[in-house]
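Written below as structure tokens is the structure these notes are about.
Small disclaimer: the values here were computed from a predicted structure and weren't measured. A note on names: the letters A, B, ... follow the listed sequences, proteins ahead of strands, and every chain is numbered from 1.
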Number of protein chains: 2
Amino acid sequence: MHKLDELSTVKRSFARSDYLYRSGDKFRSLFAIHSGSFKTQILHEDGREQVTGFQMAGEIIGLDAISTDTHACDAVALESSVVCELPFNKLEALSREIPLLQRHLHKLMSREIVRDQGIMLLLGSMRAEERLAVFLLNLSQRFATRGLSATQFQLRMSRQEIGSYLGLKLETVSRAFSHFQSERLINVKVRTVEILDLAGLQACLNNTR
Amino acid sequence: MHKLDELSTVKRSFARSDYLYRSGDKFRSLFAIHSGSFKTQILHEDGREQVTGFQMAGEIIGLDAISTDTHACDAVALESSVVCELPFNKLEALSREIPLLQRHLHKLMSREIVRDQGIMLLLGSMRAEERLAVFLLNLSQRFATRGLSATQFQLRMSRQEIGSYLGLKLETVSRAFSHFQSERLINVKVRTVEILDLAGLQACLNNTR
DNA sequence: AATGCGGTTTGATATATGTCAAAAATCGTG
DNA sequence: CACGATTTTTGACATATATCAAACCGCATT
């Protein structure tokens, strides 16, 4: 497994709002986020934009570029971040030698597919507050996985970015936050979120439309 | 490349509304659609459903299952169909030997990711008629790729299934069809579609919201 | 040819979310 | 520390799509 060391060549640092890559860039590497966080977004010619994901430490970013050897979206740092470059041709070569790595890579890509389909479900069939609840619960869970608090955290993204991700306008996101607060499900002060009632948030989802 | 022959073991036939696999099924194989077409859908516990894609001949189905060794969605035949089973462990073994196959597999998965993100853009930021236009143009393009008419085809799915895919109610889909017809962009008679003005349909998309 | 049934179309109305606008809070910078 | 710029919140109103309902159609079966 120390063969993997020959992979992790470069570490690169990014400030808030720096681009890790841009749509159209030639694809060479995947990136492992070492610290910090990013958003990925698609920009449509007519100016429409869609945030397709928020990625945090430990996650791999850039899988969409394999398909055409060209990055299909932008990746932008949401805060000071460090990423580790993983040259894809080396990764492919190694994964031919190490079946476990091969399997890992496949699972990684498949997991991204499943994640995206979950968001399709969210965008296609949930209402505004349900979407926000899913979003918060997902964040909570990911923070917990990283040994951080599942109930208190800082949002790294704006209302507008959350809205773009959830297919809502920023005002709708803001109102949903306020409503959750008035229901005593969360405390929210701009970007500081405290979840008061995890089960209550989950219950939002079961109220069939 | 005839090594691939040892892969394509079994061909299986399905009638309309037969399941190719169900969510929760143990993952063993990917499936190449030989003829016919399928839909994939996620069912949420509360009864919500989301069609995540329509697949036709030549496409590979089942990539979502790699992530957890369990199928994450249902695949249902939309008409009489034949699929070719591709045992995944054999596929992985072969792709360690044949870098071209490995690359092909990676591109396949990545393409699915890009496709899904395109649908996220559609669901997150387009209006009903734009969504339907994208849907029709996509179908048209895929039929053309298969040597079929780009302008005249039969829909294999119901208004309700189209609606689920596009995040709309069936009535909204029906109205959008009718409106396109009144605009002389298409002729539609239930499931028979004729595109009269491809450019006009494309133009729907450029009208920024 | 008649019957029944699921799917589709269309209309009237309800509602969730978007839009526009202004005030308030927060953040970054000099 | 103060300033201006940005982000967030909140309100009033507009609108796209959902909902409910009825009629219609086409297909399959008898």
Using a cut-off of 4.0 Å on non-hydrogen atoms, how would the nucleic acid contact of B:Gly163 be classed: base, sugar-phosphate, or nothing? nothing
So A:Phe88 and A:Phe27, would you call those rings parallel, tilted or perpendicular, with 30° and 60° as cut-offs? tilted
Check salt bridge (Lys or Arg N to Asp or Glu O under 4.0 Å) between B:Arg12 and all other residues, then give those that pass, not counting sequence neighbours. B:Glu85
Distance-only donor-acceptor hits, side chain of residues 30-37 of chain A, under 3.5 Å, sequence neighbours excluded:
| residue | atom | partner | partner atom | Å |
| --- | --- | --- | --- | --- |
| A:Ser37 | OG | A:Glu79 | OE2 | 2.6 |

Sorted by chain and residue number, the ring pair (Phe, Tyr, Trp, His ring centres under 6.0 Å) partners of A:Phe153 (sequence neighbours excluded) come out as A:Phe143
How close or far is atom P of D:dA14 from atom CZ of B:Arg127, stated in whole angstroms? 18 Å
To the nearest Å, how far apart are A:Glu129 CD and C:dA16 C1'? 10 Å
Pairing residues for A:Glu129 by the salt bridge (Lys or Arg N to Asp or Glu O under 4.0 Å) criterion, not counting sequence neighbours: none
Provide the full list of salt bridge (Lys or Arg N to Asp or Glu O under 4.0 Å) pairs with a residue in residues 171-187 of chain B, sequence neighbours left out, each pair given once. none
I need the CZ-C1' distance between A:Arg156 and D:dT7, as an integer number of Å. 16 Å
May I have the distance from A:Leu155 (atom CG) to D:dT7 (atom P), rounded to whole angstrom? 15 Å
Starting from C1' on C:dA14, measure out to NZ on B:Lys169 and report it in whole angstrom. 15 Å
Would you give a per-nucleotide map of nucleotides 5-13 of chain C, 5' to 3', where B means the base has a protein non-hydrogen atom under 4.0 Å away, S means only the sugar-phosphate does, and - means neither? --SSBBBB-
Salt bridge (Lys or Arg N to Asp or Glu O under 4.0 Å): pairs with one or both residues in residues 24-33 of chain B, sequence neighbours excluded: none
The helix from C:dA1-D:dT30 to C:dG30-D:dC1: angle between terminal helix axes, five bp per end, to the nearest 10 degrees, reads 60°
B:Leu168 CG - D:dA18 C1' separation (whole Å): 10 Å
Take the protein atom NE2 of B:His179 and the nucleotide atom P of D:dA16, then report the distance between them rounded to whole Å. 11 Å
Are side-chain N/O atoms of B:Thr145 and B:Gln141 paired as donor and acceptor at under 3.5 Å? yes
Could you state the atom-to-atom distance from CG of A:Leu166 to C1' of C:dA16 in whole Å? 16 Å
Show me the pairs that pass salt bridge (Lys or Arg N to Asp or Glu O under 4.0 Å) and involve residues 55-70 of chain B, at least two apart or across chains. A:Lys107-B:Asp69, B:Glu59-B:Arg142, B:Glu59-B:Arg146
